[in-house]
Amino acid sequence: MKTHSVNGIRPFSALIDACWREPYNLHRFLKDIIAGITVGIIAIPLAMALAIASGVPPQYGLYTSAIAGIVIAVTGGSRFSVSGPTAAFVVILYPVSQQFGLAGLLVATLMSGLFLIIMGLARFGRLIEYIPISVTLGFTSGIGITIATMQVKDFFGLTLDVPENYINKVSALVSAMPTISWADTLIATVTLGVLIFWPRLKLAVPGHLPALLAGTAIMAVLAHFDHQVATIGSRFSYMMPDGTSGQGIPPILPQFVLPWNLPDAGGKAFELSWNTISALLPAAFSMAMLGAIESLLCAVVLDGMTGKKHHSNSELIGQGLGNIAAPFFGGITATAAIARSAANVRAGATSPVSAIIHAIMVIMALLILAPGLSYLPLAAMSSLLLIVAWNMSEARKVVDILRRAPKDDIIVMLLCMSLTVLFDMVIAITVGIVLASLLFMRRIARMTRLSELLAESNSDRLVMRVSGPLFFAAAERIFNELAEKIDTQRTIILQWDAVPILDAGGLSAFQRFIELLPEGMMLINCDIQYQPLKTLARGQIKPIPGKLAFYSSLEEALTAESIISGK
């Protein structure tokens with residue numbers, strides 16, 4: 001089957017590759033069902049926990065996994081990715097939900113979807129290759145630290161209003177420690193212990209559900225001794241379409257709603273205006289950038305695990321479509337989740353069908369398990385997010401970089417981590433990429449060297465070789481060094497065979513060097529590669545009799561110099 005492409009983008013590429021180009025049979029379908037159920041078990045509690053961490057009721061996390069999970073699986077470019085709410089977004093979504101309410105958060109999600117589609121159509125799918133690991137590791141570790149800090153309140157059952165500023169937040173949490181609830185702390189500790197030690201049992205069932213069940217069991221025991229703890233049902237309420245209200249999670253399917261018709265943070269009607277859109281624009285762009293980075297990173301990881309190849313631009317468009325569709329059903333920002341996608345592969349997934357099955361599992365949980373989910377203790381949910389934060393921080397990689405990486409990379413990583421924690425991810429990524437680029441250019445500039453070919457030099461001529469790119473950060477230094485070496489020589493032979501790049505800055509430095517050549521001195525250039533030669537031609541650098549000449553090889557240059565000098 002041939003698929004049409006737009007600008008090299010293949011719509012529905014992952015689904016077509018996995019289920020049409022490759023034979024799809026009952027055996028593969030059964031494997032996808034098993035993988036989808038496995039990931040669904042992981043996704044249900046995580047979706048609720050991440051929604052709570054983002055400042056919205058837990059059902060909106062389930063709506064995200066259900067709607068965005070299906071749309072992205074069908075339209076995206078990575079056959080094994082499982083999409084939904086992820087921990088990386090929490091640091092962006094929480095401030096938006098607090099300032100603009102659910103309506104503002106959904107409108108920002110819709111805007112981020114449009115940005116993602118534009119990125120895909122503009123074929124920005126390879127942008128992940130240009131973001132250094134020191135930057136990605138820095139901001140993901142910073143997000144992990146932020147998320148972990150946000151869970152301290154529910155983990156210990158503290159009584160306080162958490163400030164927005166990170167330093168004030170830590171100070172407030174420390175000050176609130178005398179209000180610790182030992183019941184919440186016990187539940188959280190037991191849940192965390194199960195999550196930590198469950199993988200050692202090497203069972204096929206993921207540990208998320210057993211850990212939450214253990215925490216809930218401890219809560220039931222404590223309830224007999226009149227120790228009450230905060231649960232999803234006690235903190236969140238809902239209103240049914242018929243006007244009736246309830247506690248916890250509504251047992252209904254996601255309902256179609258215009259995002260801007262929902263209330264703002266103050267419970268009033270959300271005002272969709274140019275001023276509001278302008279205020280949401282930075283957050284929406286941050287969501288899109290983070291969604292692009294997360295989804296493409298996930299796709300690269302899955303390619304390494306499976307030997308398959310994803311379609312990066314199609315994946316961006318699929319992510320965009322998912323984030324456009326989800327807000328109309330109450331879904332918040334979604335992207336591919338590395339942990340869930342990796343579990344999907346390990347469980348035997350063969351196609352995007354497994355991600356669709358995972359979304360159906362979430363929908364079934366809404367319809368069947370909603371009353372039971374309301375009894376989940378928030379302390380247990382905080383333990384679940386602590387594990388997510390730990391995995392996201394990639395502490396082992398951070399330690400490895402601190403031990404083995406060059407100092408430049410260490411500085412960039414620590415700076416990105418600090419800026420993410422103290423300010424926000426956008427500042428961290430922007431500063432990190434700029435600083436990493438500058439340090440990289442400095443490193444490359446230092447590689448550009450000027451060496452003297454001693455065997456070919458004498459008092460009448462100077463034979464030099466340039467090695468490395470002649471760009472703005474290195475060219476001025478190289479030609480200044482060359483000018484300092486000039487003494488009584490009548491001829492300079494400059495070999496360019498190891499110069500791969502000449503940019504506008506290098507061209508300008510070369511022109512100034514020619515202009516400053518002493519009267520009667522000849523500059524002979526040889527072995528110029530294609531790109532520098534093309535740049536010289538576009539700069540209209542032409543031979544000047546008695547001053548500037550060009551030859552194809554060092555041998556020709558030496559011969560010409562001998563003729564000119566009369567030897």
Side-chain angles (χ1 to χ4, degrees), residues 46-65 67-68 84-113 115 143 146-147 149-151 153-154 160-166 168-169 230 232 235-239 248-250 254-255 257-273 275-291 294 323-324 326-335 378 381-382 385 388-389 420 423-426:
L46 272 180
M48 293 189 295
L50 292 168
I52 294 170
S54 299
V56 297
Q59 63 266 28
Y60 294 104
L62 297 175
Y63 298 162
T64 307
S65 290
I67 303 302
T86 65
F89 282 120
V90 169
V91 293
I92 303 175
L93 304 191
Y94 184 79
V96 175
S97 65
Q98 296 303 297
Q99 183 177 355
F100 298 97
L102 177 61
L105 182 56
L106 298 188
V107 171
T109 298
L110 180 61
M111 293 164 62
S112 74
F115 279 128
I143 290 171
T146 304
I147 293 172
T149 306
M150 292 170 66
Q151 305 317 305
K153 176 186 175 182
D154 286 335
L160 79 157
D161 292 325
V162 182
E164 187 172 331
N165 179 274
Y166 184 80
N168 294 339
K169 186 181 299 181
I232 288 177
R235 181 174 293 185
F236 299 100
S237 60
Y238 60 86
M239 185 73 69
I249 297 173
Q255 304 292 304
V257 60
L258 296 176
W260 44 87
N261 286 347
L262 292 168
D264 63 9
K268 300 177 181 179
F270 179 78
E271 181 183 352
L272 185 64
S273 63
N275 289 337
T276 308
I277 292 175
S278 299
L280 289 171
L281 197 61
F285 184 73
S286 302
M287 296 174 191
M289 283 297 298
L290 183 56
E294 282 280 299
N323 282 283
I324 289 174
F328 289 99
F329 295 90
I332 59 177
T333 316
T335 191
L378 294 178
M381 305 295 278
S382 70
L385 285 178
V388 171
T420 301
F423 297 99
D424 62 58
M425 190 205 69
V426 181

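We number each residue from 1, following the sequence as shown.
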**Request:** Give a yes or no on whether the backbone of A334 and the side-chain of T64 come within a donor-acceptor separation of less than 3.5 Å.
**Result:** no

If you define the side chain from C-beta out and look only at heavy atoms, does anything of [X] sit under 4.5 Å from [Y]?
X	Y	result
L385	M150	no
L281	F115	yes
N323	M287	no
V90	I143	no

Within a reach of under 6.0 Å around [atom1] of [X], are more than 12 heavy atoms found that belong to other residues, nucleotides or ligands?
X	atom1	answer
Y238	OH	yes
Y94	OH	no
Q98	CD	yes

Distance-minimising heavy-atom pair for [X] and [Y]:
X	Y	result
G330	Y60	O-CD2, 3.0 Å
N165	N168	OD1-N, 3.1 Å
I332	V56	CG2-CG2, 4.3 Å
I67	A326	CG2-CA, 3.8 Å

**Request:** Take F329 and Y63 through the test ring pair (Phe, Tyr, Trp, His ring centres under 6.0 Å) and record every step on the way to the result.
**Result:** CA-CA 7 Å; F329 295 90; Y63 298 162; 9.1 Å; no

**Prompt:** Quick one: side-chain contact (heavy atoms from CB on, under 4.5 Å) partners of S382, sequence neighbours excluded?
**Reply:** Q151, D154, F155, A188

**Item:** Listed partners of I277 passing side-chain contact (heavy atoms from CB on, under 4.5 Å), at least two apart
**Value:** M111, L272

**Request:** Evaluate the criterion side chain to side chain contact (heavy atoms under 4.5 Å, CB included) for residue pair I52 and I232; output intermediate values, then yes/no.
**Result:** CA-CA 9 Å; I52 294 170; I232 288 177; 4.3 Å; yes

List the residues meeting side-chain hydrogen bond (donor to acceptor under 3.5 Å, both in side chains) with [X], not counting sequence neighbours, and say none if there are none.
X	result
Y166	T149
S97	none
T333	T109

Show me, pair by pair, the donor-acceptor contacts under 3.5 angstrom made by side chains of residues 257-270, not counting sequence neighbours?
from : atom 1 : to   : atom 2 : distance (Å)
D264 : OD1    : G266 : N      : 3.0
D264 : OD1    : G267 : N      : 3.2
D264 : OD1    : K268 : N      : 2.9

